[in-house]
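Step one of this worksheet: look at the structure below.
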Amino acid sequence: MKVLGRDKLIRFYQKHANVKKALDIWFDEVCNAEWNTPQDIKNRYLSADFLADNRVIFNIKGNHYRLVVKVRYQGGIVVVEWIGTHAEYDKLEF
């Protein structure tokens, strides 16, 4: 998969250094993945949640952080839309 929006991840872990390793691992895994359906994601990330419009929520670093991406399965693209703490996520409306 091609991940767009890595700059958002970098800006986030520059403020929250404790999540850098977890985000780097997630990024590398996704870049090497081939997702054709939501089930491909669920097979690797059991705690992933799915929203409308091909959005996926990942729990990062023991569910302390949430990462929201949009997946374009046919194009093999993952777009980082949002990253934040679990508490910040609870305030969002998707």
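The residues of the chain are indexed from 1 along the displayed sequence.
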Can you get from [X] to [Y] by hopping between Ile, Leu, Val, Met, Phe, Trp and Tyr side chains that sit under 4.5 Å apart?
| X | Y | value |
| --- | --- | --- |
| Ile10 | Phe58 | yes |
| Leu4 | Ile60 | no |
| Val68 | Ile25 | no |
| Leu51 | Trp82 | yes |

Minimum-distance pair of heavy atoms, taken over all atoms of [X] and [Y]:
| X | Y | value |
| --- | --- | --- |
| Lys42 | Ser47 | NZ-C, 4.3 Å |
| Gly5 | Val80 | O-CB, 3.8 Å |
| Val79 | Ile77 | CG2-CG2, 3.9 Å |
| Asp53 | Lys70 | OD2-NZ, 2.8 Å |
| Ile41 | Tyr73 | CD1-OH, 3.5 Å |
| Trp35 | Ala33 | NE1-CB, 3.5 Å |

From NZ (Lys61) to OG1 (Thr85), nearest 0.5 Å: 14.0 Å
Can you tell if the side chain of [X] reaches within under 4.5 Å of the side chain of [Y], non-hydrogen atoms only?
| X | Y | value |
| --- | --- | --- |
| Asn63 | His86 | yes |
| Phe12 | Leu67 | no |
| Tyr89 | Ile57 | yes |
| Met1 | Val71 | yes |
| Val30 | Val69 | no |
| Leu92 | Glu88 | no |
| Val56 | Tyr45 | no |

Taking Gln14's backbone N and O only, do any of them form a donor-acceptor pair with Lys20's side chain (distance below 3.5 Å, no angle check)?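 It does not hold such a pair.
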May I ask you to say whether Arg44 pairs ionically with Asp40, meaning some side-chain N is under 4.0 Å from a carboxylate O? no
Does this structure show an ion pair linking Asp49 with Arg55, if we count only N-O contacts that are shorter than 4.0 Å? no
Worked verdict on Asn18 versus Tyr65 for side chain to side chain contact (heavy atoms under 4.5 Å, CB included): CA-CA 11 Å; Asn18 66 327; Tyr65 301 97; 3.0 Å; yes
